[in-house]
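Below: one structure, written as structure tokens.
Numbers restart at 1 for each chain; the letters A, B, ... are given by sequence-line order, proteins then strands. Treat the numbers as computed from the prediction; the structure is a model and nothing was measured.
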Amino acid sequence: MPSREKPYKPVSSKVNFPDLETSILERWREENLLRETERVRAGAPLFVFYEGPPTANGSPGIHHVLSRSFKDVILRYKTMRGFRPLRRGGWDTHGLPVELEIEKELGISSKQEIEAFGVEEFNRRCRESVFRYVGDWEAMTERAGVWLDMDDAYVTYHNSYIESAWWVFKRLWDQGLVYEDYKVTPHCPRCVTSLSSHEVALGYQENTPDPSVYVRFPVSEAQSANDDVGGFALPAPQRAATLSKMGFIDGRWTAPRPSFIAWTTTPWTLTANLALAVGPAEQYVLAESDADGERVIVASALAERVLGEGWKAAAEFSGADFTGVQYDAPYVSPSLRGHTHRALPAGYVTTADGTGVVHTAVAYGAEDAELGKARGFETVHTVDLRGVVADGFPGAGKFVKDADADIIRDLDERGLLFRDASPYRHTYPFCWRCGTPLLYYAKTSWHIRTTARKEEMVAGNRAINWVPGHIKEGRFGEWLRNNVDWSVSRERYWGTPIPIWRCADHPEHVAVAGSLADLAERVTDETRPLLDGLDLHRPFVDRVELRCECGGVMRRVIEVADAWYDSGAMPFAQWNYPVTVKGPGGAELTLNGVDDLIASPLFPANYITEAVDQTRGWFYSLLALSTLIAGKPSYESCLVLGLILDGNGEKMSKSRGNVVDPWSVMNEHGADALRWYLFTAAPAADARRFSSDLVKETLRQFLLTLWNTYSFFVTYANIDGFDPSAHAAYWKDGQAGSPALASAPPNELDRWIVSELNGLAAAVAADLDALNPTGAGRRIQEFVNLLSNWYVRRSRRRFWKAENDDDKAWAHRTLYSCLLTLAKLIAPLTPFTADEMFRNLAPDGAARSVHLEDFPEPDASLVDDRLNKAARLAMRIASLGRNARSRSGVKVRQPLSRVLVHLRPEDAELLPLVAPQILDELNVKAVETAEADAVAEFSIKPNLPVLGPKLGARIGEARSAVAAADAATVAGALRSGSRVEIGGFAFEPGDLLVETADKPGVAAAADGALIVGMDVALTPELRAEGVAREFVHCVQNMRKAAGFEIEDRIVTYVSGSGADGGSAEETLAALAAEEDYVRQETLSGELRIGEPPPSAAHAGEREMDGATLIVGVARPRREDVE
RNA sequence: GGGCCACUAGCUCAGUCGGUUAGAGCGCAGUCCUGAUAAGACUGAGGUCCCUGGUUCGAUUCCAGGGUGGCCCA
């Protein structure tokens, strides 16, 4: 075998992965390896990735390592597949979380306090705080082996980003997709601001007591003839029929005036009641009290629950019958002009709770507002933004929750309180900052009319490759189908200012700026100087005034944009136009604006990934804005990740104190171990429990096994001077270390692992193409297990052999192929270990780093499924054989004459393929197929607890029939699952118990239809061989104890002990018969049988073969050598 | 209250396109092997495959309902 000039760097099986990784990182930094991968792929097609920008106002947690790892693995893989990924990082810098952080620092918690403090300084601090943890983030990202362009990251607070976000906004405006409207939002009356849905979710409290009142809404005496209210009233004749059925005839009541009964937990909202909603398809009953003849209207399904006993049904209606029926509201705001209170149908009314009649206050409920909007009602407030009830109502001047009691008392006094069932306990949202109960409050805000393009979004979603697939039509599709317009404005400070200027004199005069140039065009002379070096944030931009067409002065509206608007605009806003970028094939590409971008290959992204909580966050804002701006989604594939839970299955959060610091894990076990765990422990989309112990298990199970195999190879490759470049002809196209060989190896073991390897390489590529690193990793893990625990285990002796023959060369070549290919296969998943292995193993002419290499190209013609099956059969047989040996107490060291195998006919042909492996593994001279009854004794007996109830009295007859039957035949049939007939009885497999027992001289074990029997009969020759192997084992241990090197040649002494000299004769004779074998195995230049060891030797007494021997080992004396 | 997902051994997870005896790793108990040795092999204990009903010759698997947990939304 030709020698390699440079030996491989020795690989200790004791490895400290964290230390190894930090030194590799150092190397990558020195080599600027990330840039190098881009240089190598300069002419390649692009693979476009969009980074979902994290907010860097906290230290990164383990879940950030999760998403970053899944970003990285696909980008590394695509690089190796010949693409040049665009992997620009980004930071999300605006929004309430940032403001809150600063509020906390300043010890303030309301808008009034912020304004008093000064918006300019407040925003300055926000800007400063955002990057407080950026160093942590960058360090974590690098340490985790994640390659993102952090130097060139986009930042949402940069002027250029905001300006592009404005451009997008203007484009929306020009399409008529932006409007101002009342919208009911969760509102904190103490902080005087809306809360985002995320914030609301933080503040839900269970078992909150609230009032629970049932209120009378008497059907009105005056029923207007005007049927055209909102176009929804019933035609007069039909309404007249309904009223007449109620007893309202010719303008007067012929029976006690009935009342609708509605239920509410917020009595204060009754001050703003505008309508009663009924379910058009629900059934209602007009019930009459037995006690006093009162008549009320409630849903039939709820009548008993609401009314209790003592009522009888006087008439029945459907909800639709009530349409347009007028009633007398308990309170009428003076500011309400010409409004008629009516019952109206609404789809959201159910009979799940309440009365089936829903009190509707347009200003204080989302569904209420919807109804009001549909009917064209005006939004009338009876409570101010601080939650204080207006004059003219009970409880005026009080906070709403305190006014409730006044209102209930007033209702009671006026005979409108039907029933007070307070308190009602339910889950209610509170402000998570100050603990004030939130009010649902209608306010004007700016909206993006996403519903106008809903069908386009739904269609675009169909084209997205969601992983896992159920997100597409499930969580995300469901969300899209229920799309509502996007309330995009926030009355806050640190955000992208909404670029709308409004005339001071004519509020309907509005201008939208899509750029600084737009501002310059219309800016007033007085404020023009401000444009020079203008910071687009508040309060600076607020000072810029524009000229209105009417001659007036326009000022910016006060709101800033929702931070989701920023991130959703990211595909368009991340570039500072005009910008020149390297496109596909390395060609320079100049983008002058968003339209150029949309037409370029930089849009849409080929791949994005984030956790599942982004479904309604970033995934949505991306899709919405790109559908409205570009007419299609901004991402083609989306991998959705599950959340990480703590060891108890609870969500990690700072407040629970169960957050795992990624540094502690990476410092202890290494980034690769953590990555491998994150990739393989659970399907990417599933919520997963994290524990450091499981990372450790991963390390031992996978990385250390691989490392041991690698270490084994390097040890022997160095001893033998194996140089793959000298064997290039054995690989297809001379690609040393490729899984594709020029021809299949002669040795069936090599042929098998090469078959597995080629199958693996194809499957891993398919998995990674399908965005499934979990599947890829699990396959690789299984392969490494086979490689280590079968291939290497079975091949060890081939590497030990002193002589350099062809078989040994094949073993080297095969293991080399496996390890070099593995290094490439794992490179995207565990970039450190992969690069370390690759750099040591790489053949001449290979790239400097595995990350500059191509992904392995397997050769399907080398995949042999029969051989793969056969190898697994061999493993099962070996396992059963060891089992049989173990139970009969015959050690593996003791050679046996043969192993008997009974197997399914279809497997019989596989046996010859792997017979040599079985012989060696089980230490037998022959493997023979055999009938079941030649391998083991079977006995059958009735399973009485089962058969008893079935057969009753005939059980005795059955027992004798079973006893007379041929046990082996019956057992065979039962094992294969079929029914057996014996003496007129039909037995199912469960009816009879089959027991196996060893035949004399054969130790057997069975697994399903496979039965393996070891012939344990010993001939004198076998016994002698056994003794020799036992002796070799003993000498090896002594060599090691004596501290000899593996290649040291020694002199070995063996004799009977003084006390036992006689009985050792036979054992010594057996050793003499195997002298050559013993000397060769132990590297003993001399084997001195019967000679006691000299005092210089390492010696000791050993029990062996029933005798006591004195065994000694020594290095040869100098004079013996000379 | 709605949507999506999950539920298999003590723990973390495979698997079953409906079919013979449901698996792995870890942990536990024991044995062996060892020139990969801070590895490795074998054995044992440990399972109502969340529950109920339906479809079927047959359901852990398919369907429906329910339960528990997670996420998202009300």
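Remark: Lys869(A) NZ is loosely packed, at most 12 non-hydrogen atoms of other residues, nucleotides or ligands lying under 6.0 Å away.
Using a 4.0 Å heavy-atom distance criterion, Pro683(A) is classed as a sugar-phosphate-only contact. In this structure, Arg796(A) reaches the bases: a heavy-atom distance under 4.0 Å links it to at least one base atom across the strands shown. Contact annotation for Thr715(A): no contact, since no heavy-atom pair falls under 4.0 Å across all strands.
Considering all non-hydrogen atoms of both residues, Gln917(A) and Trp790(A) come closest at OE1-NE1, 2.7 Å.
A salt bridge links Glu473(A) with Arg481(A); the closest basic N to acidic carboxylate O contact falls under 4.0 Å.
Listed nucleotides G27(B), C71(B), A36(B) differ in distance to Val792(A); the shortest reach to its side chain belongs to A36(B). Checking C32(B), G70(B), G35(B) against the side-chain heavy atoms of Arg475(A) singles out G70(B) as nearest. Candidate nucleotides G35(B), A14(B), U12(B) were compared by shortest atom distance to the side chain of Leu694(A), and U12(B) ranks first. Comparing U43(B), G35(B), A36(B) by their closest approach to the side chain of Phe712(A) singles out A36(B).
At a cut-off of 3.5 angstrom, counting only N and O atoms as typed in the model, there is no donor on one side facing an acceptor on the other between the side-chain of Gln701(A) and the base of G25(B).
For Asn708(A) and A39(B), the shortest distance from a side-chain N or O to OP1 or OP2 is not below 4.0 Å.
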